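A short worksheet on the structure shown next.
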Amino acid sequence: AINPDTSGGADLGTSSLEWGDVYVADNKFVNFGSDQDVLIGWNTTRTGLDISATEGAALTLYLSADQGDDAGDEWKLNIANGSDGVLTLGNDLRSAGTHDTLLTITPHSTVTSSSVAFAGGITVAGTMAVTGDVTFTGDILSNASGSTTIGSASAEFAGAYFTDNADIFFGADQDYTFDYDTTRTAMKLESNVEAAPFNFVWTADQNDDAGDSWRWNIANDGGVMTLLNDIHTADTFVIHVTFTPHATVASSIVAFAGAV
């Protein structure tokens with residue numbers, strides 16, 4: 001063995017006289033720390049480079065750019081000691097030297113029960129395939145209005161579940177909402193714009209021909225409801241039935257434009 005006169009008392013080379021290559025045999029390790037806290041070597045049993053903390057200690061690695069001078073220069077990788085083996089990755093952008101955990105991987109003896117937790121957002125440029133369940137505590141957002149589709153013509157979802165009084169919004173200005181209203185104990189389709197009428201169109205045959213579409217309209221003031229059809233000219237709707245409500249029900253009126 002080649003030994004220094006005292007622990008830490010001698011260097012191998014200098015800043016101007018560096019050694020060339022260093023060769024370390026299989027299953028032999030370079031030891032770091034006065035108590036040999038971390039060992040690095042080629043492990044033939046694992047067939048990989050082994051970076052190991054001493055018995056009973058967690059493993060922590062710091063990866064630093066620019067000597068770690070500025071906030072954000074450092075990443076911290078930590079593997080916890082114990083049966084859980086939780087791996088975390090953090091950065092010190094918020095405050096130099098203080099590392100906030102951005103990624104947490106918690107292994108489990110049943111692999112499908114393992115978890116990966118991100119503290120911030122996730123951006124996926126390609127396709128993300130998930131075989132298990134996905135649990136969200138926040139919102140699922142599109143990167144731009146109208147740019148993202150849920151499902152496709154060849155990959156449909158099996159079902160969708162919405163809680164009571166939770167709305168599905170339609171239109172860039174959330175013009176219409178659809179939900180199960182527990183106060184009314186009914187499905188509710190609603191114009192969501194103040195002072196706007198309600199317009200709903202039913203269409204058969206992809207609206208290919210005149211007469212394929214019916215339009216249902218409820219006026220803003222007075223609640224007059226009309227049923228219209230485009231039998232005369234496609235997409236030009238003509239009133240066929242008009243319902244005029246009245247506070248006294250017997251005074252309400254139903255008017256038919258054609259024969260009855």
Side-chain angles (χ1 to χ4, degrees), residues 1-138 141 143:
I2 301 175
N3 299 318
D5 54 346
T6 60
S7 179
D11 296 331
L12 291 174
T14 69
S15 60
S16 59
L17 290 172
E18 305 89 349
W19 288 93
D21 296 330
V22 175
Y23 295 84
V24 180
D26 291 345
N27 305 307
K28 300 300 181 181
F29 297 89
V30 178
N31 293 258
F32 293 89
S34 297
D35 296 320
Q36 297 76 57
D37 302 276
V38 177
L39 287 71
I40 300 179
W42 179 256
N43 189 316
T44 56
T45 301
R46 299 176 181 177
T47 317
L49 186 66
D50 198 339
I51 304 176
S52 302
T54 190
E55 174 65 27
L59 175 66
T60 302
L61 297 176
Y62 290 93
L63 307 174
S64 303
D66 187 33
Q67 295 183 326
D69 287 344
D70 307 306
D73 281 347
E74 286 188 350
W75 286 89
K76 177 183 177 182
L77 176 69
N78 182 269
I79 300 175
N81 170 47
S83 59
D84 54 5
V86 174
L87 182 149
T88 57
L89 182 65
N91 186 269
D92 67 345
L93 182 61
R94 180 176 59 85
S95 177
T98 301
H99 300 81
D100 295 315
T101 299
L102 305 180
L103 170 68
T104 302
I105 302 176
T106 305
H108 194 278
S109 55
T110 302
V111 178
T112 53
S113 296
S114 300
S115 64
V116 178
F118 299 90
I122 304 173
T123 300
V124 180
T127 300
M128 182 172 67
V130 181
T131 56
D133 295 331
V134 181
T135 301
F136 294 91
T137 56
L141 304 176
N143 64 334

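Being a predicted model, the structure only gives us computed values, none of them experimental.
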Before giving the answer on side chain to side chain contact (heavy atoms under 4.5 Å, CB included), spell out for Thr60 and Leu77 the whole-Å C-alpha distance, their side-chain angles and the decisive distance to 0.1 Å. CA-CA 6 Å; Thr60 302; Leu77 176 69; over 6 Å; no
Stepwise, does the side chain to side chain contact (heavy atoms under 4.5 Å, CB included) test hold for Leu103 with Phe118? CA-CA 5 Å; Leu103 170 68; Phe118 299 90; 3.7 Å; yes
Assess the residue pair Thr44 and Asn27 against the criterion (side chain to side chain donor-acceptor pair (under 3.5 Å)); give the C-alpha distance rounded to whole Å, side-chain angles, the decisive distance to 0.1 Å, and a yes or no. CA-CA 6 Å; Thr44 56; Asn27 305 307; 2.8 Å; yes
Side chain to side chain contact (heavy atoms under 4.5 Å, CB included) between Val24 and Val30, intermediate numbers included: CA-CA 8 Å; Val24 180; Val30 178; 4.1 Å; yes
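With hydrogens and angles ignored, the 3.5 Å screen pairs no side-chain donor or acceptor of Ser95 with any backbone N or O of Thr98. A donor-acceptor contact shorter than 3.5 Å links the side chain of Asn31 to the backbone of Phe29.
You'll find the side chain of Trp19 reaches within 4.5 Å of the side chain of Leu12, heavy atoms only. A heavy-atom distance below 4.5 Å is found between the side chains of Phe32 and Ile40.
For the residue pair Ala80 and Ala58, the shortest heavy atom distance occurs at CA-CB, 4.2 Å. For the pair Leu59 and Ser52, the tightest heavy-atom approach, listed with the atom from each and the gap, is CD1-C, 4.5 Å. Contact record, Gly85 with Ile79: O-CG2, 4.2 Å, taken as the closest heavy-atom pair. When all heavy atoms of Leu89 and Trp75 are compared, the pair lying nearest together is CG-CE3, 3.7 Å. Contact detail for Glu74 and Asn91: the closest heavy-atom pair is O-ND2, 2.9 Å. Contact record, Ala53 with Ala57: CB-O, 3.6 Å, taken as the closest heavy-atom pair.
How far CD of Gln67 is from CG of Asp73: 10.0 Å, rounded to the nearest 0.5 Å. Atoms CG and CD, from Asp37 and Glu55 in turn, are 13.0 Å apart once rounded to the nearest 0.5 Å. With rounding to the nearest 0.5 angstrom, the CG atom of Asp50 is 4.5 Å from the CG atom of Asn43.
In this structure, Asp70 has no salt bridge (Lys or Arg N to Asp or Glu O under 4.0 Å) partners at least two apart in sequence or on a different chain. Residues satisfying the side chain to side chain contact (heavy atoms under 4.5 Å, CB included) criterion with Ala96, sequence neighbours excluded, are Ala71, Asp92.
Counting non-hydrogen atoms of other residues, nucleotides and ligands closer than 6.0 Å to CG of Asp5 gives a total above 12.
Residue pairs meeting the side-chain hydrogen bond (donor to acceptor under 3.5 Å, both in side chains) criterion with at least one member in residues 104-130: none, sequence neighbours excluded.
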